[in-house]
Amino acid sequence: MNLHEYQGKEILSSFGVEIQRGIVAQTPEGAVAAANKLSEETGTEWYVVKAQVHAGGRGKGGGVKLAKSREEVARISGEIIGMNLITPQTSAEGKKVHQVLIAEDVYYPGASEPEEYYMSVLLNRATGRNMIMYSTEGGMDIETVAEKTPHLIFTEEIDPAVGLQPFQARKVAFNLGLSGQAFKQMTKFVTALYNAYDASDSSLFEINPVLKTSDDRVIAVDAKVTIDDNALYRHKDYASMRDLREENPVEVEAKEAGLNYVDLDGNVGCMVNGAGLAMATMDLIKQAGGEPANFLDVGGTADAERVETAFKLILKDPNVKAILVNIFGGIVRCDRVAQGIVDAYKNMGTINVPIIVRLQGTNADIAKELIDNSGLDVHSAIEFQEAADKVQAVLA
Ligand code: GDP
Ligand code: MN
């Protein structure tokens, strides 16, 4: 589950990470009220208006703007709320902005220049350990830093048996070139950040930039947080942070129906049981000259109702030109699945894309007969290659 910046910052703050403070608002009036309250709490008279959408690169897309008065807060919030924000990380249509974070300006002048760093905590899949990844090159996307100046990215792995050690936090601060008060603040920051990541069962905490202010505070200006879905049952209080408006509506519907569905860009819909077979089926489609429109694992109980739900989900995608059903009848019998397909087809009335069905396993022959005798625009296949050829034929 991905969080908004303001939600990520709430979690950070609750673990003692110093953050750029802010208040979220849905309207320009709400934004001014937020600015008033923020000024009372922090003394700031300059603000940043930050679009809250699940995508990075908002600054580049015009979704992060400095406001030097409350009038500007009202005007800029009015411009940003309701806009379709296009960033390097969104689709070409962009993402609709429903709310903004009114944050204190933390780039104020002082004894030294503000400095931006990059820091994230994530799992190193190669070693199975959490690691802190950090860089002196904050504020720009880390992919660019990795490409152009890889030697400026550091990593620090954490031994799960003992957790983050104080010397490791000091090493991070040292490698970032800090000294004095800023050094102390950074070790505190790193330690609290790691605690927040660990205790919230997250799979990613990315803070870009981490800012050293002109008076040597170290604070999180941005927060990109992904909580591990498999651990959400341990964090009932986070459930309300889910913002379904930010998620793919078909994927949300699929999840409610208990189906494993991932939307993709291609033209051939897939309905498969088992993740491994689903991956193989996607390869098969590519080989046949198509592109998979989705990943869909209907799971072990492919009955008529589930098959129908799956068809409906697949057909919501206007790019779908054909559907390939590839089901292995191990626990579930092929003839039952075939009956499910025929029933679903009849129930739905019109399906105006060809369907290729490959049923293999228990009672595959009976299943093929059922499909062939149904009189519907359904092509049956038993062999993998046969299915591929049929997909190719209907796409041609
Ligand atoms: P992102 O573009 O989605 O990564 O959003 P960020 O929260 O990282 O903000 C983008 C950029 O806005 C930052 O890299 C900063 O340069 C700038 N910014 C953020 N907060 C402030 C602030 O308080 N004052 C000023 N002047 N700039 C800010
Ligand atoms: Mn950022």
Side-chain angles (χ1 to χ4, degrees), residues 2-13 17-25 31 34-35 38-39 41-70 72-73 76-77 79-80 83-91 94-110 112-122 133-146 153 189 193 204-215 217-226 243 246:
N2 292 329
L3 300 185
H4 284 295
E5 173 197 356
Y6 79 93
Q7 297 166 326
K9 281 176 165 171
E10 270 169 26
I11 294 181
L12 285 171
S13 181
V17 180
E18 208 185 329
I19 56 162
Q20 174 192 43
R21 282 189 282 173
I23 299 168
V24 77
L38 205 57
S39 294
E41 288 173 6
T42 67
T44 191
E45 287 302 329
W46 285 15
Y47 317 87
V48 250
V49 182
K50 311 183 79 179
Q52 297 299 290
V53 291
H54 288 187
R58 295 163 301 163
K60 281 184 195 141
V64 178
K65 290 205 168 131
L66 186 66
K68 297 183 180 174
S69 67
R70 294 172 207 193
E72 280 187 25
V73 167
I76 296 170
S77 299
E79 284 163 13
I80 293 182
M83 86 187 277
N84 268 335
L85 181 61
I86 302 168
T87 86
Q89 293 183 20
T90 65
S91 65
K95 287 205 127 176
K96 181 139 179 135
V97 182
H98 299 284
Q99 48 192 355
V100 288
L101 180 65
I102 307 303
E104 57 174 334
D105 169 39
V106 283
Y107 287 61
Y108 46 80
S112 63
E113 284 296 308
E115 295 278 353
E116 293 180 324
Y117 309 112
Y118 171 92
M119 193 173 296
S120 59
V121 191
L122 69 166
M133 190 184 280
Y134 60 105
S135 174
T136 49
E137 307 305 286
M140 49 176 131
D141 48 280
I142 198 67
E143 289 80 6
T144 311
V145 182
I153 298 180
F189 184 94
L193 173 64
L204 175 72
F205 257 86
E206 185 181 57
I207 318 297
N208 188 21
V210 173
L211 187 77
K212 182 196 77 67
T213 62
S214 58
D215 52 357
R217 291 158 65 209
V218 173
I219 62 179
V221 168
D222 195 2
K224 181 174 185 207
V225 174
T226 307
D243 188 346
E246 296 289 327

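Indexing begins at 1, ligand by ligand and atom by atom, following the structure's order.
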Protein residue, atom and distance nearest to atom 2 (O) of ligand 1, heavy-atom basis: Gly59 N, 2.8 Å
Proximal candidate to atom 21 (C) of ligand 1 [heavy atom criterion; set Tyr107, Trp46, Tyr47]: Tyr107
Short N or O distance, Gly57 and ligand 1, threshold 3.5 Å exclusive: yes
Side chain, backbone, both or neither: Thr87 near ligand 1, heavy atoms under 4.0 Å: neither
Closest protein heavy atom (residue, atom, distance) for atom 6 (P) of ligand 1: Asp222 OD2, 3.4 Å
Under 3.5 Å donor-acceptor, Ser112 side chain and Ser214 backbone: yes
Short side-chain to backbone donor-acceptor contact, Thr213 and Pro114, under 3.5 Å: no
Close-contact set for ligand 1 against Glu104 heavy atoms, below 4.0 Å: 23 (O)
Protein contact to atom 24 (N) of ligand 1 [nearest heavy atom, distance to 0.1 Å]: Asp105 OD1, 2.6 Å
Protein contact of atom 19 (C) of ligand 1 - nearest heavy atom, named by residue and atom, plus distance: Val221 CG1, 3.6 Å
Exam field: side chain Asn208 to backbone Met140, donor-acceptor pair closer than 3.5 Å: yes
Side chain Glu104, main chain Arg21, donor-acceptor under 3.5 Å: yes
Expected output: side-chain Lys95 to main-chain Glu246 donor-acceptor under 3.5 Å: yes
Test item: Tyr108 and Thr44 side chains (from C-beta on) under 4.5 Å apart, heavy atoms: no
Per-atom contacts, ligand 1 versus Asn208 - under 4.0 Å to a heavy atom: 8 (O)
side-chain hydrogen bond (donor to acceptor under 3.5 Å, both in side chains) between His4 and Asp243, intermediate numbers included: CA-CA 8 Å; His4 284 295; Asp243 188 346; 2.8 Å; yes
Heavy-atom nearest neighbour of atom 1 (P) of ligand 1 within options Arg58, Lys50, Gln20: Arg58
Atoms in ligand 1 with a heavy atom of Pro209 nearer than 4.0 Å: 8 (O), 14 (O)
Ligand 1 contact by Glu116, heavy-atom criterion under 4.0 angstrom: yes
Check: Ala55 N/O within less than 3.5 Å of ligand 1 N/O: no
Thr90 side-chain N/O to Thr87 backbone N/O, donor-acceptor pair under 3.5 Å: yes
Distance below 2.8 Å from the Mn ion (ligand 2): protein N/O/S atoms: Asn208 O, Asp222 OD2
Heavy-atom closest contact (Ala51 atom, Arg58 atom, distance): O-NH1, 2.9 Å
Side-chain donor/acceptor of Gln52 to backbone N/O of Lys50, under 3.5 Å: yes
Lys212 and Glu113 ion-paired at < 4.0 Å: no
Closest protein heavy atom to atom 12 (O) of ligand 1, given as residue, atom name and distance to 0.1 Å: Val64 CG1, 3.6 Å
Considering all heavy atoms, the nearest Ala35-Arg70 contact: CB-CG, 4.3 Å
Lys9 side chain vs Val221 backbone, donor-acceptor pair below 3.5 Å: yes
Sub-4.0 Å atoms of ligand 1 with respect to non-hydrogen atoms of Val106: 22 (C), 23 (O)
